[in-house]
Student: 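First the structure, then my questions, so here it is.
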Amino acid sequence: MVMRKPADAFLRELGVDYEDEGPESSFVVVKHAALFTSTVLSKVLQFPNVKLFNATAVEDLITRTDGEGNIRVAGVVTNWTLVTMHHDDQSCMDPNTINAPLLVSTTGHDGPFGAFSVKRLVSMQAIPALGGMRGLDMNTAEDAIVKGTREICPGLIVGGMELSEIDGANRMGPTFGAMALSGVKAAEEALKVFDQRRAECSEGGKW
């Protein structure tokens, strides 16, 4: 698994071993992608307030509107993945809902489940249109994805390659540094959003 620098700092923080060709090299190599993903999962799942929903798909976004008709994302509608994949050829099964003050969506570029949140925002006219992912260019894509990670509409932060479908960023290819660092940036953006909401509440606004 190839990860472009400076994602090596994130690997060191997680405790994932990697091979480095030295200061002249722009990337490091993790022995296997499973080593990275399993380490991330094990670290995250140790927190008491984290739940992993396996074989579950997001079918829709929960939304609210303010007095001016502006949309705010307020949660997700979920179902078993196999049910979601077969709505056209089986009886309907009731979904579940999860309310949330803030969502982070990193569902990847367009595909069967990819770019779900941003495509749904377009269909509900919360954003005008998708920019469409451009061709593969790792050098420009990695910087664009990390720098562009942000709150797309109130209540929804988008990162990773899903962001390329909004911004018209280039495809990243098989280097994963920016995908990891986009997650770090998304967490930083989430903290900014909460700080901003606290400030608004202290001034007499609504959370």
Student: Donor-acceptor pair, Thr107 side chain versus Ala115 backbone, under 3.5 Å?
Tutor: yes
Student: A side-chain contact here means heavy atoms from C-beta on lying under 4.5 Å apart; do Leu11 and Met3 qualify?
Tutor: yes
Student: Could you work out, with salt bridge (charged side-chain N to carboxylate O under 4.0 Å, His left out) as the rule, every residue matching Asp143, not counting sequence neighbours?
Tutor: none
Student: About how many Å separate CG of Leu35 and OH of Tyr18, when rounded to the nearest 0.5 Å?
Tutor: 13.0 Å
Student: Hey, could you give me each pair passing salt bridge (charged side-chain N to carboxylate O under 4.0 Å, His left out) that has a residue in residues 62-71? Not counting sequence neighbours.
Tutor: none
Student: Do Val73 and Val122 share a hydrophobic cluster, counting only Ile, Leu, Val, Met, Phe, Trp and Tyr and linking them when any side-chain heavy atoms are less than 4.5 Å apart?
Tutor: yes
Student: Go through the structure and list residues passing salt bridge (charged side-chain N to carboxylate O under 4.0 Å, His left out) with Glu142, not counting sequence neighbours.
Tutor: Arg4
Student: Going by side chain to side chain contact (heavy atoms under 4.5 Å, CB included), name the residues that satisfy it together with Thr97, two or more places apart in sequence or in a different chain.
Tutor: Ile62, Val77
Student: Output the distance between atom CD (Glu21) and atom OG (Ser26), rounded to the nearest 0.5 Å.
Tutor: 10.5 Å
Student: Membership question, hydrophobic clusters at under 4.5 Å side-chain separation (ILVMFWY): are Val40 and Leu181 in the same one?
Tutor: yes
Student: Can you tell me how far apart OG (Ser117) and CG (Leu163) are? Round to the nearest 0.5 Å.
Tutor: 12.0 Å
Student: Please name all residues satisfying salt bridge (charged side-chain N to carboxylate O under 4.0 Å, His left out) with Lys192, sequence neighbours left out, ordered by chain then number.
Tutor: Glu189
Student: Grab the two heavy atoms, one from Ser164 and one from His109, that are nearest each other, plus how far apart they are.
Tutor: OG-CB, 4.1 Å
Student: Taking side chain as C-beta onward, heavy atoms only, is Ile166 less than 4.5 Å from Leu130?
Tutor: yes
Student: Do any pairs count as a salt bridge (charged side-chain N to carboxylate O under 4.0 Å, His left out) and have a residue in residues 106-121, sequence neighbours left out, and if so which ones?
Tutor: Asp60-Arg120, Asp110-Lys119
Student: Ignoring hydrogens and angles, write down the donor-acceptor pairs under 3.5 Å from the side chains of residues 44-56, residues two or more places apart or on other chains.
Tutor:
from, atom 1, to, atom 2, distance (Å)
Gln46, NE2, Ser42, O, 3.1
Thr56, OG1, Asn54, O, 3.0

Student: In the hydrophobic cluster built from side-chain contacts under 4.5 Å, what are the other members alongside Val2?
Tutor: Phe27, Val29
Student: Which distance, rounded to the nearest 0.5 Å, do you find between the CG of Leu121 and the CD of Glu165?
Tutor: 13.0 Å
Student: With sequence neighbours left out, which residue pairs that include part of residues 8-19 fulfil the salt bridge (charged side-chain N to carboxylate O under 4.0 Å, His left out) condition?
Tutor: Asp8-Arg12
Student: Hydrophobic clustering (ILVMFWY, side-chain heavy atoms < 4.5 Å, transitive) - are Val184 and Phe36 grouped together?
Tutor: yes
Student: Do Pro101 and Arg197 have side-chain heavy atoms sitting under 4.5 Å apart?
Tutor: yes
Student: Under the side chain to side chain donor-acceptor pair (under 3.5 Å) test, which residues partner Thr140, sequence neighbours left out?
Tutor: Asp137, Asn170
Student: Apply side chain to side chain donor-acceptor pair (under 3.5 Å) to Ser105 and Glu162, showing your working.
Tutor: CA-CA 8 Å; Ser105 183; Glu162 184 172 12; 2.7 Å; yes
Student: Between Val118 and Val58, is there a shared hydrophobic cluster once you connect ILVMFWY residues whose side-chain heavy atoms come closer than 4.5 Å?
Tutor: yes
Student: Would you list the pairs meeting salt bridge (charged side-chain N to carboxylate O under 4.0 Å, His left out) in which at least one residue belongs to residues 22-48, sequence neighbours left out?
Tutor: none
Student: Walk me through whether Met179 and Met172 qualify under side chain to side chain contact (heavy atoms under 4.5 Å, CB included).
Tutor: CA-CA 9 Å; Met179 294 183 191; Met172 195 179 300; 3.8 Å; yes
Student: Carefully, step by step, assess Thr78 and Glu59 under the rule side chain to side chain contact (heavy atoms under 4.5 Å, CB included).
Tutor: CA-CA 5 Å; Thr78 69; Glu59 288 193 338; over 6 Å; no
Student: Which atom pairs, one a donor and one an acceptor, fall under 3.5 Å between side chains of residues 145-161 and the rest of the protein, sequence neighbours left out?
Tutor:
from, atom 1, to, atom 2, distance (Å)
Thr149, OG1, Ile145, O, 2.8
Thr149, OG1, Ser182, OG, 2.6
Arg150, NH1, Gly148, O, 2.6
Arg150, NH1, Asp167, OD2, 3.0
Arg150, NH2, Asp167, OD1, 2.8
Glu151, OE2, Gly155, N, 2.8

Student: Verify the cluster assignment for Leu61 and Ile127: are they in a single hydrophobic cluster under the rule of side-chain heavy atoms below 4.5 Å apart?
Tutor: yes
Student: Which distance, rounded to the nearest 0.5 Å, do you find between the CD1 of Ile71 and the OG1 of Thr65?
Tutor: 7.5 Å
Student: Given Thr63 and Met124, is the side chain to side chain contact (heavy atoms under 4.5 Å, CB included) satisfied, shown in steps?
Tutor: CA-CA 10 Å; Thr63 60; Met124 68 175 71; 3.7 Å; yes
Student: Does the Ser25 side chain pair with the main chain of Gly22, one donor and one acceptor, at a distance under 3.5 Å?
Tutor: no
Student: Which heavy atom in Met1 sits nearest to a heavy atom in Ala33, and how many Å separate them?
Tutor: SD-CA, 3.6 Å
